[in-house]
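Read the structure below first, then the notes.
Chain identifiers are assigned alphabetically (A, B, ...) following the order of the sequence lines, protein sequences preceding nucleic acid strands; residue numbering begins at 1 within each chain. Just so it is clear, the values below take in all heavy atoms, side chains as well, and ignore hydrogens, waters and symmetry mates.
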4 protein chains.
Amino acid sequence: MKRDKPKFKQIIDAAVVVIAEKGYHQAQVSKIAKQAGVADGTIYLYFKNKEDILISLFEEKMGQFVEKIRNKMARKESAVDQLYVLVENHFLMLSEDQHLAIVTQLELRQSNKDIRLKINKVLKEYLLLVDEVLHSGVESGDFSEDLDIRLARQMVFGTIDEVATTWVINEQKYDINKLAPGVHSLIAKGLRP
Amino acid sequence: MKRDKPKFKQIIDAAVVVIAEKGYHQAQVSKIAKQAGVADGTIYLYFKNKEDILISLFEEKMGQFVEKIRNKMARKESAVDQLYVLVENHFLMLSEDQHLAIVTQLELRQSNKDIRLKINKVLKEYLLLVDEVLHSGVESGDFSEDLDIRLARQMVFGTIDEVATTWVINEQKYDINKLAPGVHSLIAKGLRP
Amino acid sequence: MKRDKPKFKQIIDAAVVVIAEKGYHQAQVSKIAKQAGVADGTIYLYFKNKEDILISLFEEKMGQFVEKIRNKMARKESAVDQLYVLVENHFLMLSEDQHLAIVTQLELRQSNKDIRLKINKVLKEYLLLVDEVLHSGVESGDFSEDLDIRLARQMVFGTIDEVATTWVINEQKYDINKLAPGVHSLIAKGLRP
Amino acid sequence: MKRDKPKFKQIIDAAVVVIAEKGYHQAQVSKIAKQAGVADGTIYLYFKNKEDILISLFEEKMGQFVEKIRNKMARKESAVDQLYVLVENHFLMLSEDQHLAIVTQLELRQSNKDIRLKINKVLKEYLLLVDEVLHSGVESGDFSEDLDIRLARQMVFGTIDEVATTWVINEQKYDINKLAPGVHSLIAKGLRP
DNA sequence: GATGAATGAGGCTTCATTCAT
DNA sequence: AATGAATGAAGCCTCATTCAT
């Protein structure tokens, strides 16, 4: 499987660095190849085309992201606590990889519609995770029983995403992890019965 | 003043239509010129460059947007009611101009970092409006006294924006105006003392 | 109409020169543009793509070719004489434009299938001309009454084309016009009753 | 000798199949290797480069072709009969290997000038065969004594080749063997005293 | 003021060939 | 002898912007 070969990850990591440092439109395949330490043509042994690099990048990183959060959330009982884990780790993981934060919050958003549609599919996994917490919260009575799950999910994701994007736009000058309690509080209160 | 000449608005409106219908990356200057009924070169009598069209577009439309909402909000006394006016009219104005909704929620976001930074400056005006409501709500005791205004603003805007974007991605199939009460409720509860 | 603008012909003539001198695979668009004295992009104001240059080239030149020969043939009464005019002028026109001869006999034949199919359509016009002569010859009794027109056409064209190609491969060292009587004699005898 | 090892022929036959089925420009070395059931690198143990495959292909196939026809022609006495054998077997051998017919009549002609020049050298053997028939015909009085051998050869080859090419372009829909008498008649009459 | 023909820089991708195993 | 992963050169086309009319 291509995804398991070292060069696959090597190229994806190179793409993250190049896009973060040079910007989406300045991230030529040749620059990514150079950063990865391979020839231009080698890229195409592992990826169909440039678009495929970006989508794979998102799949790979977002996949780990969702899995990690899912695991950590499983250890908490209450939906409110799970929600805290979600917010906390979302911020934690962005702050652990500054390049990736720039790429996902800013650069990848200027990709064309095709790429964004495929990225959205990957994102669905994350949104499903949010839905699960919301459902379980409604059932346990932690959250309002007439919660519109779809709207609530949009509030949760919209808020977290906006906070993250603002942090990246401000060049990650402050510690986003410190914002987790405040964000969680705003969200959790909105969801309460 | 160029902004007041008929062709200035004519070109901006043409840009909105072309971008909404063809997408950001297919919105060439020549297409905008054709839609506006002027020659390519004429564009450059009214705008410095293509980037300037997009920023002016956002300034023009967002300016009217903020002004209208500000007026309507002024008629309400409580911060909670003002917040409702904000949400309601944000959705109302997007639903009144489907092309503009597509442009601001989807297409303009794939512009490069430079343009997005300048757009963000225009957006500040709107965010200030949110801040005002939040401040007045804190002062009146409607909202929690230890509200982190910055975070709260990000929740308000992030939520509204995410709801709007989701609606546009879903091709405006449902009536976004009907979502205003639910969105307001989620937000307002989050802000409560 | 684009075909009538001076730059259209200018670019086609440049293409003939470049292809003849550098060869089909070395005839980059930028070289053609340089030879034509225009910018690379200007090519694309007159032609859809590189393929379109080649097809237009063939259409333009072959069109004139067929028309001239048709006019000259009209002045002759007997099919045998018309056939002589055909052979004579085919050779004459190739010898008048050495570059074009190289392009049509050698270089254009290494184009891909798509281009060759479109070139074949243009060639049909020429083959129809041959068919007309053959038919009239059969009717007048100059040619055998059980002539298989299709086969006869293939002999006529195959022979003329082979003679022309051989002449070009031999770098046009001898005067191809002098071969017209011999070629005509071989062909005409083959067609006789 | 490399030519006698099984893989040599195996690769050439694979090349014929791939070129016939995918077309000249889609016949990458890797596809030929796959079809031959060897690794890409193995090709280069038997051939200097890709060009060498194509030329060897033509040599190999054309060599057999000429030899077979020469043998069959030897059994006939008169030049006219020998000419019939030539035409008949030329068509017969093309119709016996449809892939090879496509390759020699259509695909190999889009190779670059270098390859085509080398192919022409191989073709010389065949043309010499034609010359021999023509000479013997002139000597025996079957053909005109002032026959221009060079021109006559071009007529013979040009006609046969054009008939064959037309048949391949028409996807070998009809039986080319049935055309041999007609073609022979056209040619032989042209050569007569 | 208005036009629109002309400009020209810039990057993704393919594929013949090599060479360490 | 055989493999196949890795290499890297090379060119078509788009489109924002200019400027002579």
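Taking each heavy atom of C/Asp52 and C/Ser56 in turn, the nearest pair found is O-OG, 2.7 Å. In this structure, B/Glu21 and B/His99 approach most closely via the heavy-atom pair OE2-NE2, 3.4 Å.
Following rounding to the nearest Å, C/Lys34 (NZ) and E/dA6 (P) show an atom-to-atom distance of 20 Å. Summarising the geometry, the separation between CD on C/Gln26 and C1' on F/dA9 is reported as 12 Å, rounded to the nearest angstrom. The CZ-C1' distance, from B/Phe8 to E/dA2, rounds to 18 Å in whole Å. The interatomic distance linking C/Ile32 (CD1) with F/dC12 (P) rounds to 8 Å, in whole Å. Rounded to an integer number of Å, the gap from CD of D/Gln28 to P of E/dC15 is 4 Å. For the pair D/Asp40 CG and E/dT14 C1', the computed distance is 14 Å after rounding to whole Å. F/dC12 atom C1' lies 15 Å from atom CZ of C/Phe47, rounded to whole Å. Between the NZ atom of B/Lys31 and the P atom of F/dT14 there is a distance of 11 Å, given to the nearest Å.
When each of B/Leu45 and A/Lys50 is assigned the nucleotide of DNA chain E with its nearest heavy atom, B/Leu45 is the one assigned upstream, toward the 5' end. Mapping A/Val29 and C/Gly37 onto DNA chain E by nearest heavy atom places C/Gly37 closer to the 5' end of the strand. Along DNA chain F, the nucleotide closest to B/His25 and the one closest to A/Thr42 are compared, and the more 5′ of them pairs with A/Thr42.
Nearest nucleotide to the B/Asn49 side chain, out of F/dG8, F/dC13, F/dT17: F/dT17.
For B/Tyr46, there are no ring-ring contact (aromatic ring centres under 6.0 Å, His included) partners two or more places apart in sequence or in a different chain.
Here B/Lys7 reaches the OP1 or OP2 of E/dA2: one of its side-chain N or O atoms lies under 4.0 Å away. Of the side-chain N and O atoms in C/Tyr46, one or more sit less than 4.0 angstrom from OP1 or OP2 of E/dA6. Between C/Lys48 and F/dC13, a side-chain N or O to OP1/OP2 separation shorter than 4.0 Å is absent. OP1 and OP2 of F/dC15 both lie 4.0 Å or more from every side-chain N or O belonging to B/Ser30.
Between A/Phe8 and A/Phe47, the ring planes lie parallel to each other; the angle is under 30°, not in the 30° to 60° tilted range.
Screening A/Gln110, A/His25, A/Glu107 against B/Lys113 for a side chain to side chain donor-acceptor pair (under 3.5 Å) leaves a single residue, A/Glu107.
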Quiz prompt | Nucleotide-level pairing of DNA chain F, given in dot-bracket where Watson-Crick and G-U pairs need both distances under 3.5 Å and | marks other strands | solution = .||||||||||||||||||||
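A salt bridge does not link A/Glu59 with A/Lys121: every distance from a Lys NZ or Arg NE/NH1/NH2 to an Asp or Glu carboxylate oxygen is 4.0 Å or more.
Note that CD1 of D/Ile32 is 5.5 Å distant from CD1 of D/Ile19, once rounded to the nearest 0.5 Å.
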